[in-house]
Undergrad: 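Below: one structure in structure tokens.
Values in this document were obtained by computation on a predicted structure and should not be read as measured data. The basis for the numbers below is simple: all heavy atoms, side chains too, and nothing from hydrogens, waters or symmetry mates. Along the sequence shown, residues carry numbers from 1.
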Amino acid sequence: MLRFSVNLLKLVILLFLLICCLESAICNENSSVFNVLDYGAKGDGTTDDTKTIEAAWIEACKVEGSTIVVPSDYDFLVGPISFSGPHCEENIVFLLDGRIIAPTNPKIWGSGLLQWLEFKKLNGISIKGKGTIDGQGSVWWQNTHLEDPDDDPNYTTLFALTSSTAKGKMPRTRPTALRFYGCSNVVVTGITIQNSPKAHLKFDSCVTIQVSGITISSPEDSPNTDGIHLQNSQNVVIHSSDLACGDDCISIQTGTSAVFIHDVKCGPGHGFSIGGLGNDNTKACVSNITVRDSTLHNTLTGVRIKTWQGGSGSVQGIMFSNIQVSDVETPIIIDQFYCDKSKCKNQTSAVAIAGVSYQSIKGTYSYEPLHFACSDSVPCTGVSLADIQLKPSPKREHFYGPYCWQTYGELKTKTTPPIDCIQPDQDTPDYDSC
């Protein structure tokens, strides 16, 4: 009997310890989840929830592998905010299932900011979920002063007229909706970013980036609303996403390398663009970029490289493959005379372009199929084309044929239409300076 009592006591003690361990695990698990509602966020779309979300972030920042939750079925009005390290722990998840909306009160923005939501100097930061970031950009677009008009000079007249009569002007500087700066091991997946005042999603000085399953949506006539903007960033994968905007669906700028883009839908917008590079006589270096298995519909360009006169550096190791275009004005472009002003100064130096491959670019164009305008002093070299099949869109009546200037390379197959302006290749220059 005594032995039975001792064994029973041991069993009770073991069960007690097991329950304590389970409760501890549950507590530890719950302690790593930070719901913004628990910090006083209202989520009614009118109350300013900036400080409450900041409070939730401050706590989540202290716990490695934590999750900050922005729950579904709520609209959170959030002003400019920076979720920043470097003192935060690693591998934080920002789970966005609700809706974050930008304020439209000019006073909240002061004299203007470069970004609205910023994640800064974090390692292993992820933004996931089925939620939406809404920049409410229409109040900015109608008042824009057009600080960088990009491709369409008609924006200047249109928006100057609307801004002169609009009430309650927003600041001159328009913010990017979501920006990552100095981050590593970044994941953005599932979310929607819409109606940004300017660029929707920007990565600056980041390393190892994965973007997938996202939707970007802004009207075709929204000025300078790039979809995804890459600058000084390396090891980037973007795939399985749908991008519609008023500017480049993906913009690749100086200092960017090792980028793989695939299975992306673009349109409306200005296509997949490298550049403009070399503005104000600057040096620009872009290398090892692949865009493949993607579609463009009703865009200004398809795949484009654009550089300013007077720049230096290089663009090299570029592959555009298996691209389907539909009603695209000019599907294939290299422009070393890029200028978004009424007149630009002629200069001899240029960002060199070498080793650009176009494979299986097919579909319809509405203006001209191909336009290569390369520098007299620094011609384009190593340009190869294979399986190019581009036909005029049945919706248009007037077209131009392929155009090449100072373009050297190789036609590996017959093309539609015939391209007879590519010259035999020159030796590729040395780009060790990049």
Side-chain angles (χ1 to χ4, degrees), residues 101-102 104 106 109 112 114-116 132-178 192-202 214-229 241-251 264-273 275-276 295-304 306 325-331 333 335 338-342 364-368 393 395-396 398:
I101 57 177
T104 57
W109 297 95
L114 295 177
Q115 55 272 329
W116 168 32
T132 299
I133 294 172
D134 188 344
Q136 302 207 91
S138 60
V139 295
W140 299 80
W141 307 330
Q142 65 184 5
N143 298 337
T144 182
H145 294 265
L146 203 66
E147 65 270 25
D148 50 350
D150 195 28
D151 303 289
D152 194 343
N154 292 327
Y155 281 150
T156 305
T157 303
L158 172 62
F159 289 102
L161 289 173
T162 56
S163 64
S164 65
T165 58
K167 297 179 180 180
K169 289 183 180 179
M170 302 299 284
R172 178 185 181 92
T173 301
R174 291 178 288 135
T176 293
L178 176 59
T192 295
I193 311 173
Q194 65 187 30
N195 300 323
S196 177
K198 201 175 180 185
H200 288 76
L201 175 58
K202 180 180 289 188
I214 72 166
T215 299
I216 287 176
S217 177
S218 284
E220 181 178 6
D221 60 354
S222 56
N224 312 119
T225 53
D226 286 341
I228 301 174
H229 181 101
S241 296
D242 195 340
L243 314 179
C245 56
D247 210 311
D248 298 329
C249 288
I250 299 178
S251 171
V264 173
K265 295 180 180 179
C266 169
H270 293 183
F272 303 123
S273 293
T295 61
L296 301 105
H297 174 69
N298 190 31
T299 57
L300 181 70
T301 68
V303 290
R304 171 170 61 166
K306 51 181 179 176
V325 298
S326 173
D327 289 326
V328 172
E329 286 196 18
T330 308
I333 293 184
D335 183 6
Y338 178 72
C339 176
D340 66 3
K341 307 180 178 96
S342 58
T364 59
Y365 64 92
S366 58
Y367 183 73
E368 72 183 320
S393 170
K395 298 179 181 180
R396 301 291 182 94
H398 302 289

Undergrad: If you compare all heavy atoms of Val139 against all heavy atoms of Thr104, which two are closest, and at what distance to 0.1 Å?
TA: CG2-CG2, 3.9 Å
Undergrad: The criterion is disulfide bond (SG atoms under 2.5 Å apart); which residues satisfy it with Cys266, sequence neighbours excluded?
TA: Cys249
Undergrad: Using every non-hydrogen atom in the two residues, find where Ser222 and Thr225 come nearest and quote the distance to one decimal.
TA: OG-OG1, 2.8 Å
Undergrad: Which one of Ile250, Ile133, Ile214 satisfies the side-chain contact (heavy atoms from CB on, under 4.5 Å) criterion with Leu201?
TA: Ile214
Undergrad: Would you compute the distance between atom NE2 of His200 and atom SG of Cys245 and round it to the nearest 0.5 angstrom?
TA: 6.5 Å
Undergrad: Side chains of Pro331 and Thr299: closer than 4.5 Å at any heavy-atom pair?
TA: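 No - every pair of side-chain heavy atoms lies 4.5 Å or more apart.
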Undergrad: Minimum heavy-atom separation for Ile101 and Gln136, please, with both atom names.
TA: CB-NE2, 4.3 Å
Undergrad: Pro175 versus Trp140: any side-chain heavy-atom pair under 4.5 Å?
TA: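 Side chain of Pro175 against side chain of Trp140, heavy atoms only: contact under 4.5 Å found.
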Undergrad: For the pair Arg174 (side chain) and Pro197 (backbone), establish whether a donor and an acceptor sit closer than 3.5 Å, ignoring hydrogens and angles.
TA: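 Checked: pair present.
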Undergrad: Let me confirm one number: the CG-OG distance from Asp226 to Ser273, rounded to the nearest 0.5 Å.
TA: 8.0 Å
Undergrad: Can you measure from CG (Asp242) to OG1 (Thr215) and round to the nearest 0.5 angstrom?
TA: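 These two atoms lie 5.5 Å from each other.
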Undergrad: For a quick test of reading the model, state the closest non-hydrogen atom pair linking Gly275 to Ser251 and the distance between them.
TA: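 The pair with the smallest heavy-atom distance is O-OG, 3.9 Å.
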Undergrad: A side-chain contact here means heavy atoms from C-beta on lying under 4.5 Å apart; do His270 and Asp248 qualify?
TA: yes
Undergrad: Side-chain contact test, heavy atoms from C-beta onward, threshold under 4.5 Å: evaluate it for Glu220 versus Asn298 and give yes or no.
TA: yes
Undergrad: Which residues pass the side chain to side chain donor-acceptor pair (under 3.5 Å) test with Asp327, sequence neighbours left out?
TA: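 Listed in chain order: Ser393, Lys395.
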Undergrad: Does the side chain of Phe272 come within less than 4.5 Å of Leu296's, by heavy atoms?
TA: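 In contact.
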Undergrad: Holding to side chain to side chain donor-acceptor pair (under 3.5 Å), I want the full list of residues that pass it with Ser326, two or more places apart in sequence or in another chain.
TA: His297
Undergrad: Taking atom types as modelled, is there a side-chain donor on Thr176 or His229 under 3.5 Å from an acceptor on the other?
TA: no
Undergrad: What's the shortest heavy-atom distance between Tyr338 and Gly276, and which atoms?
TA: CD2-CA, 4.5 Å
Undergrad: Could you check whether any side-chain heavy atom of Lys306 comes within less than 4.5 Å of a side-chain heavy atom of Ile333, counting everything from C-beta outward?
TA: no
Undergrad: Are any of the side-chain heavy atoms of Glu329 and Thr301 separated by less than 4.5 Å?
TA: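 The answer is no, as the side chains (C-beta and beyond) never meet within the 4.5 Å cut-off.
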Undergrad: Do side-chain atoms of Trp141 reach the backbone of Ser196 as a donor and acceptor pair under 3.5 angstrom?
TA: yes
Undergrad: Answer yes if the side chains of Gln194 and Asp134 hold a donor-acceptor pair under 3.5 Å, and no otherwise.
TA: yes
